[in-house]
Participant: 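Please read through the structure below; I'll follow up with questions.
All values below come from the heavy atoms of this structure, side chains included, with hydrogens, waters and symmetry mates left out. Positions are given from 1 along the sequence.
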Amino acid sequence: MLEQIQSFSNSSSAIVTALAGVVVILITALVKALEFYDSHFVHKRYKRLKELRSDRVVESPFTTYLDDAIQLEGFHIASGIRASSVKAAALLKLAQLGLWDRKQIRQVAKYLVITPENPTPFIRIRHSDVIGAWGGMLVAMIFMAVGAILGIAVMLKAGPPYGFFIGLCLVFTFTCGSALFATGYNEYKNAKRFEQYLSAHPETFLPPQNRESTAE
């Protein structure tokens, strides 16, 4: 009976290790796919727009449209954010303030909203965003706990020296996976902090003349 339990435990550890390896391979493949998309689609579109603009010498509404498209595509390449001209200007304003890094600005962009009724950018956090953020954090904590338990179990059962390294790889893999699940929560918390900043500094996105009148 004891031998059967040990055999089942070893096979389970092998399965978990294989699954962890698959997760690492999938993450690596995803990163390479994103790099391929950037190099073959995003940059290619930018070059085509530049070539198209260079063929137009006479100024016209279409050339103005091309200039705007080139500027927005360049902004997309530099920031990783696809946005309207108004939203891009607002995000550039945040970058000029120097209070947030590029990653935080990308996170804020998800919640930054501009509407025809309210052209001044504001933060909009829906109930679904809150549920998704906390749900992702819960899954991340469970995922990390499972990884720690399995990693320690493999270390104890497989023994040194291979058990330690296999267990450590398991813990590392599950930790990376939990970080992916927690991404939504981190974005949500960053948006909440920025919402508090806007409440304390409502003049952030106002034109200079409106800021002076607000200050008075």
Participant: Quick one: are Phe205 and Phe122 in side-chain contact, heavy atoms under 4.5 Å?
Facilitator: no
Participant: Taking atom CD1 of Ile81 and atom CG of Leu72, what is their separation to the nearest 0.5 Å?
Facilitator: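 So the CD1 of Ile81 and the CG of Leu72 are separated by 12.0 Å.
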Participant: Is it true that Arg48 and Glu51 make a salt bridge, defined as a side-chain N closer than 4.0 Å to a carboxylate O?
Facilitator: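 Not counted as a salt bridge, because no side-chain N and carboxylate O are separated by less than 4.0 Å.
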Participant: Side chains of Val108 and Ile123: does their closest heavy-atom pair fall under 4.5 Å?
Facilitator: yes
Participant: What pair of heavy atoms forms the shortest contact from Ile125 to Ala191, and how long is it?
Facilitator: CD1-CB, 4.2 Å
Participant: Can any side-chain N or O of Gln196 pair as donor or acceptor with the backbone N or O of Arg193 at less than 3.5 Å?
Facilitator: no
Participant: In the single-linkage hydrophobic clustering (I, L, V, M, F, W, Y; side-chain heavy atoms under 4.5 Å), do Val154 and Met144 co-cluster?
Facilitator: no
Participant: To the nearest 0.5 Å, tell me how far Glu195 CD sits from Arg124 CZ.
Facilitator: 12.0 Å
Participant: List the atom of Ala83, the atom of Ala88, and the distance in Å for their closest heavy-atom pair.
Facilitator: CB-N, 4.1 Å
Participant: Compare every heavy atom of Ala133 with every heavy atom of Tyr188, then report the nearest pair and how far apart it is.
Facilitator: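 What the structure gives for the nearest pair is CB-CB, 3.6 Å.
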Participant: So, taking the atom named CG in Leu198 and the one named CG in Leu94, what distance separates them when rounded to the nearest 0.5 Å?
Facilitator: 8.0 Å
Participant: Find the distance between CZ (Arg82) and CD1 (Ile77) and round it off to the nearest 0.5 Å.
Facilitator: 9.0 Å
Participant: Would a single hydrophobic cluster contain both Val86 and Leu97, if residues Ile, Leu, Val, Met, Phe, Trp and Tyr are joined by side-chain heavy-atom contacts under 4.5 Å?
Facilitator: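 Different clusters.
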Participant: Can you spot which of Lys50, Arg45, Arg53 makes a salt bridge (Lys or Arg N to Asp or Glu O under 4.0 Å) with Glu73?
Facilitator: Arg45
Participant: What distance do Thr175 atom OG1 and Leu168 atom CG have between them, rounded to the nearest 0.5 Å?
Facilitator: 9.0 Å
Participant: Check for a donor-acceptor pair, side chain of Asp129 on one end and backbone N or O of Arg126 on the other, with a separation under 3.5 Å.
Facilitator: yes
Participant: For residues Leu91 and Ala109, report the shortest heavy-atom separation together with the two atoms involved.
Facilitator: CD1-CB, 3.9 Å
Participant: Would you please name every residue forming a ring-ring contact (aromatic ring centres under 6.0 Å, His included) with Phe75, sequence neighbours left out?
Facilitator: none
Participant: Parallel, tilted or perpendicular for His201 and Tyr197, by the 30°/60° rule?
Facilitator: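 Ring orientation of His201 relative to Tyr197: parallel.
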Participant: Is there a side-chain contact (heavy atoms from CB on, under 4.5 Å) between Ile149 and Phe174 once you walk through the steps?
Facilitator: CA-CA 10 Å; Ile149 293 172; Phe174 275 84; over 6 Å; no
Participant: Of all residues at least two apart in sequence or in a different chain, which pass the ring-ring contact (aromatic ring centres under 6.0 Å, His included) check with Phe194?
Facilitator: Trp100
Participant: Quick check for you: to the nearest 0.5 Å, what is the distance between Asn186 atom CG and Phe181 atom CZ?
Facilitator: 14.0 Å
Participant: So which heavy atom on Arg106 is nearest to which on Ser79, and how close?
Facilitator: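 Reported closest heavy-atom pair: CD-O, 3.0 Å.
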Participant: Shared ILVMFWY cluster between Val113 and Leu92, side chains joined below 4.5 angstrom?
Facilitator: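 No: no chain of side-chain contacts under 4.5 Å links Val113 to Leu92.
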Participant: Just by distance, do the side chain of Lys87 and the backbone of Leu112 share a donor-acceptor pair under 3.5 Å?
Facilitator: yes
Participant: Measure across Thr63 and Arg56 and return the closest heavy-atom pair with its distance rounded to 0.1 Å.
Facilitator: CG2-CB, 3.6 Å
Participant: Among the clusters formed by ILVMFWY side chains lying less than 4.5 Å apart, do Val146 and Leu138 turn up in the same one?
Facilitator: yes
